[in-house]
Protein chains: 2
Amino acid sequence: MAALVEGQARPIRLADIAKAAGVSHGTASNVFSRPEIVRAEVRERVKAVAEAMGYAGPDPKGRLLRAGKVNAIGVCTTEPLSYFFDDPFARVMMAGISQACDATGAGIALVSAQNDEKLAWNIQSALVDGFILFCIEGGPRLVELTRERRLPFVALAIGFDDDTISMIGIDNIAGARLAARHLGELGHRRFAVLSLPFVDGSTGLVMPGRLGTALYTATRDRLAGYFEELARFGVDTTRVPVYETENEAATTRAGLEAIFASGEPPTAILAMSDRMAMVAIDWLTERGLNVPGDVSVVGFDGVPDGLLSRPQLTTIAQPIAEIGRRAARMILDFDGAVRREMLGVELVVRASTGPAKA
Amino acid sequence: MAALVEGQARPIRLADIAKAAGVSHGTASNVFSRPEIVRAEVRERVKAVAEAMGYAGPDPKGRLLRAGKVNAIGVCTTEPLSYFFDDPFARVMMAGISQACDATGAGIALVSAQNDEKLAWNIQSALVDGFILFCIEGGPRLVELTRERRLPFVALAIGFDDDTISMIGIDNIAGARLAARHLGELGHRRFAVLSLPFVDGSTGLVMPGRLGTALYTATRDRLAGYFEELARFGVDTTRVPVYETENEAATTRAGLEAIFASGEPPTAILAMSDRMAMVAIDWLTERGLNVPGDVSVVGFDGVPDGLLSRPQLTTIAQPIAEIGRRAARMILDFDGAVRREMLGVELVVRASTGPAKA
DNA sequence: CATTTTTCTTGGATCGATTCAAATATTGCT
DNA sequence: AGCAATATTTGAATCGATCCAAGAAAAATG
């Protein structure tokens, strides 16, 4: 008893079992990984020895090196890890990724880090077969670091142009047009836009000269889509205020203050995210303005939370879970090709939009 | 050019770089892992060669075997993977786990599987230093499988007694008493209990004889707590209907039907989870009953969704995120001891409870 | 220049398994 | 029993790195 128990300092290896059972390590390995090719008598003996010695089974660390494949995909972002569980958009996306992984038995490893150095290290050392990148912020850096790993990866919600990487995106221009057309058809003619950032860290009312300069394509395309469509309704888009926020409450509220400070307040707000749209609804309601009676609001994304806002949010819904599923499959079935998929979006009319006041 | 590029079929190894640069593999390794001990000139040469050959950096698979530590913890459940992103309780818990992991730079691997065989395999081969077990359902099996890995693990939300495993739990009895006392003090004397399962798969009104027989300790303790406290208010607990649900909408609704079918409907409902409590609120509202005017409802868990129900839910709040943080730390700082931590709960009075009708 | 220190580099051992061609045992059949 | 066919077992090679004792080179010292 003593010898074995004391040996617990050093975990038992397959080789120990083999020696104790008097078989080669090849056979011992077979007992665990291909039991059917081992003679029953030998198999039972080896298993008994393993049991008696407290062997934990073949260590995946060893197997991994030999096998090459990890059978897991890494999901990576520059946000803290809890982002995956807090953010509604991320959650639906992760649910989609989960489904694809569940279907093939692949695992999911969450990768993130506060600072650049740690992030680099975590990407370097993630035990995965490929990455899905959430390019919410710091996208280019994330891509750069991941590229060094030379593993397959897909970029999601990618804000910038780069034809050399696989990505799954949506047709932002079409989505934005859908939103604008909906409001135009309801008779609205005075608009304001709550915009996603043009570049990291800037915020405030966007001067007309900067309108085409957004670094992020999502921002640029959505703005372009809004304006193209508004122009068709005869709106003078140069007079539509565009406020750049950081896609969270504080800057969005600041934007609303700025927008409604002017003499001619809008009757409809085009928000580039559901998050901003819901902040807008709250803000308007607090101000005693009725949504949609006084002001209509359209969001963008189609997160499930939109159903919980009062009134329920009219929005441009992305197929978020489907994007996640496809991304996961793209990694799981990787074939060396760079793929760029563009999914359609959909106008979901709920209760936050209505006819313009006469 | 040709030779190297054609070699891409086989990924470049550190040894290849070493040979090409004319140094030993030991030195090549140092260039990447401890660059400061390599002479600058050599270091730059090796790096240049690595760059030229398209070396992706030391493969973590190799490093892992040598290092022994994975620096990641596995979170495991028998639910599908998407459970981690869908379920409100799980999400808050994961956020807590994430925080602890973020703080130490550890990664998170999600482990789950549809069937027992796959689950066993996934647990066997998870590349982690320890496990956190979500013992929602099939807890004993999960523990059994994990134990075979002989890695540290902590059980959460564990429903059964087993002193040999580490766990973090809450004082279910105290929590239940808090809920019952709150209602008793509001003057309620006619109660009904929406119960978590006694054993997997059973559901329906619980016959008095079975009341002490719940396999799951959470169920048993909460029930005991409710009854102890109700008895103090002079309630005849043998006449309090207890309906066993599967903690989801369908069986909870069936329970409510059964409970309100009797001649003497309760004025207060003790629900063993927020989920059931919120279903109850919806059901009662649909029936034209006012909450809390006609019927008060208390939940259990304290998930953030409770704030979104109308009226907002009165509940017994567990320190969910804290449980997650502690669990993660227990694995990260594992010292070989079996630890059992019991955290306190708190009555959070919101709007779903009020005085009993006169 | 010889000697001592200090700094780098080397190459074998190791982490824990799987694989596969070759060697050995069994079994079947005449 | 003899021999081919089939079933098992063996053990070296491999996966891709890190570690470390020992040797070599460079720098410092007298």
Side-chain angles (χ1 to χ4, degrees), chain A residues 7 9-46 49-50 53-71 121 124-129 149-151, chain B residues 7 9-46 49-50 53-71 121 124-129 149-151:
Chain A
R10 189 178 187 287
I12 291 99
R13 307 186 321 288
L14 186 53
D16 302 325
I17 303 299
K19 197 193 297 179
V23 297
S24 72
H25 50 258
T27 297
S29 173
N30 286 335
V31 167
F32 292 96
S33 45
R34 301 145 76 197
E36 69 284 359
I37 74 163
V38 177
R39 194 151 44 98
E41 185 203 333
V42 176
R43 193 194 319 141
E44 294 314 319
R45 175 158 45 95
V46 174
V49 170
M53 293 178 72
Y55 180 55
D59 186 329
K61 295 200 287 294
R63 183 186 5 243
L64 174 61
L65 182 53
R66 184 73 235 226
K69 274 245 166 240
V70 183
N71 198 32
W121 171 257
Q124 293 268 329
S125 52
L127 292 159
V128 298
D129 300 317
R149 242 340 255 287
R150 291 172 203 254
L151 286 177
Chain B
R10 190 177 185 287
I12 291 101
R13 306 186 320 289
L14 187 52
D16 302 325
I17 303 299
K19 196 193 297 179
V23 297
S24 72
H25 57 267
T27 297
S29 173
N30 286 335
V31 167
F32 292 95
S33 46
R34 301 144 76 195
E36 69 283 0
I37 74 163
V38 178
R39 194 151 44 99
E41 185 201 335
V42 176
R43 194 196 318 142
E44 294 315 319
R45 175 158 45 97
V46 174
V49 170
M53 293 177 74
Y55 180 54
D59 187 330
K61 295 201 289 295
R63 188 194 351 252
L64 174 61
L65 182 54
R66 185 72 236 230
K69 276 245 165 240
V70 183
N71 198 31
W121 171 257
Q124 293 265 332
S125 52
L127 291 159
V128 298
D129 300 317
R149 243 337 257 286
R150 292 172 204 254
L151 286 177

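None of these values were measured; they are calculated from a predicted model.
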Review point. Does a side-chain N or O from A:Tyr55 land closer than 4.0 Å to OP1 or OP2 of C:dG16, or not?
Key: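 Result: no.
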Got A:Val128 and A:Val70 here, is their nearest side-chain heavy-atom distance under 4.5 Å?
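No, every pair of side-chain atoms sits at 4.5 Å or beyond.
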Just how far, in rounded Å, is [atom2] of [N] from [atom1] of [X]?
{"X": "A:Ile37", "N": "C:dT18", "atom1": "CD1", "atom2": "P", "answer": "12 Å"}
{"X": "B:Asn30", "N": "C:dC8", "atom1": "CG", "atom2": "P", "answer": "11 Å"}
{"X": "B:Leu14", "N": "C:dG11", "atom1": "CG", "atom2": "P", "answer": "15 Å"}
{"X": "A:Arg39", "N": "C:dA25", "atom1": "CZ", "atom2": "P", "answer": "11 Å"}
{"X": "A:His25", "N": "C:dT19", "atom1": "NE2", "atom2": "C1'", "answer": "10 Å"}

In Å, rounded to the nearest 0.5 Å, how long is the span from [atom1] of [X] to [atom2] of [Y]?
{"X": "A:Asn30", "Y": "A:Glu36", "atom1": "CG", "atom2": "CD", "result": "8.5 Å"}
{"X": "A:Arg149", "Y": "B:Asp59", "atom1": "CZ", "atom2": "CG", "result": "6.5 Å"}
{"X": "B:Ser33", "Y": "B:Arg66", "atom1": "OG", "atom2": "CZ", "result": "11.5 Å"}

Does the pair B:Leu14 and B:Tyr55 meet the rule for a side chain to side chain contact (heavy atoms under 4.5 Å, CB included), with working shown? CA-CA 8 Å; B:Leu14 187 52; B:Tyr55 180 54; 3.5 Å; yes
### Query
Heavy atom of residues 58-70 of chain A under 4.0 Å from DNA chain D: which residues?
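When residues 58-70 of chain A is checked for heavy atoms under 4.0 Å from DNA chain D, the hits, listed by number, are A:Leu65, A:Arg66.
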Subject >> Closest approach of A:Leu64 to A:Leu127 (non-hydrogen atoms, all atoms of both residues) >> reply: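 Closest heavy-atom pair between A:Leu64 and A:Leu127: CD2-CD2, 3.9 Å.
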Q. Which pair of non-hydrogen atoms, one from B:Ser125 and one from A:Arg63, has the smallest distance, and what is that distance?
A.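 Shortest heavy-atom separation between B:Ser125 and A:Arg63 comes out as CB-NH2, 4.3 Å.
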Worksheet entry | Residue closer to the 5' end of DNA chain C, A:Ser29 versus B:Gly22 (nearest nucleotide) |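 In this pair, the answer is B:Gly22.
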Should the pair B:Asp16-B:Arg13 be classified as a salt bridge under the 4.0 Å nitrogen-to-oxygen rule?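 Salt bridge present between B:Asp16 and B:Arg13.
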- Query: So where does chain A start and stop touching DNA chain D, 5' to 3', when the test is distance under 4.0 Å to a non-hydrogen atom?
  - Reply: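 Listed 5' to 3', the contact boundaries are D:dT8 to D:dG16.
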